[in-house]
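Residue numbers start at 1 and run along the sequence shown.
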Amino acid sequence: MNARPTPLNATLFDQLPVGRDAAAVRRRIEAVERLLEGLYVIPGINRRVGLDAIVGLVPVVGDLLSGAMGMWLVWEARNLGMSRLALFGMTARVGFDTMLGMVPVVGDAADLFYRSNTRNVKRIKKHLDRHHPATVTLQR
């Protein structure tokens, strides 16, 4: 199987909506999730990695930066009006991922298997599907 990087078009971010409506939020979080978790495919194991794993290779500072990027998704969820319990769970996932990432070698390997950002995006999409059904998109 030929593993090639996902093309990241520079105009992709220019096309993202800046509005607060649910459809704009859905498109933004999907793009950020792809950037953080699925930018490249590691040849041989066919596992997708993104900025979260790449930046996490830098000790401490990289893990804090990837945690801050993950918290942006929690901030978007808060703006959507998600419950405090859901926000707490999402924050706990990001915190766990950040703390685990600070452990040398183990944290870098964990970035391949524990994807807090993908789980948080799924949670946000579930909320959007329930409370903003007009934003539902068909998956390819």
CE-OG1 distance between M71 and T98, expressed to the nearest 0.5 angstrom: 9.0 Å
Test applied, side chain to side chain contact (heavy atoms under 4.5 Å, CB included); reference residue, W72; option that passes from L36, N117, V32, V94: V32
For the student: nearest non-hydrogen atoms of D108 and G56, plus distance: OD1-O, 3.3 Å
Contact check, side chains of I42 and I45, non-hydrogen atoms, under 4.5 Å: yes
Distance, nearest 0.5 Å, that separates NZ of K126 from CZ of R130: 6.0 Å
Greater than 12 external heavy atoms within 6.0 Å of L85's CG: no
Cluster overlap L64 with I54, hydrophobic side-chain contacts below 4.5 Å: no
Intermediate values then yes/no, salt bridge (Lys or Arg N to Asp or Glu O under 4.0 Å), R26 and D21: CA-CA 9 Å; R26 180 182 285 268; D21 60 301; over 6 Å; no
N120 side chain reached by R93 side chain, heavy atoms, under 4.5 Å: yes
Charged N-O contact under 4.0 Å between E33 and R115: no
pair S66-M69: side-chain heavy atoms closer than 4.5 Å: yes
Side-chain heavy atoms of N79 within contact of V25, under 4.5 Å: no
V121 with Y114, same ILVMFWY side-chain cluster at under 4.5 Å: no
Shared hydrophobic cluster, L65 / M102 (ILVMFWY, side-chain heavy atoms < 4.5 Å): no
Shortest non-hydrogen contact from V106 toward L100: CG1-CD1, 4.5 Å
Rounded distance [0.5 Å steps], CZ in R28 versus CD1 in I124: 10.5 Å
Heavy-atom side-chain contact between M82 and M90 under 4.5 Å: yes
Donor-acceptor contact below 3.5 Å, side chain R47 vs main chain L112: yes
D52 vs E37 side-chain heavy atoms within contact, under 4.5 Å: yes
Validation row: D111, D97 side chains within 4.5 angstrom (heavy atoms): yes
Counterpart residues, ring pair (Phe, Tyr, Trp, His ring centres under 6.0 Å), relative to H132 (two or more places apart): none
Beyond-backbone contact of W75 with R78, side-chain heavy atoms, under 4.5 angstrom: yes
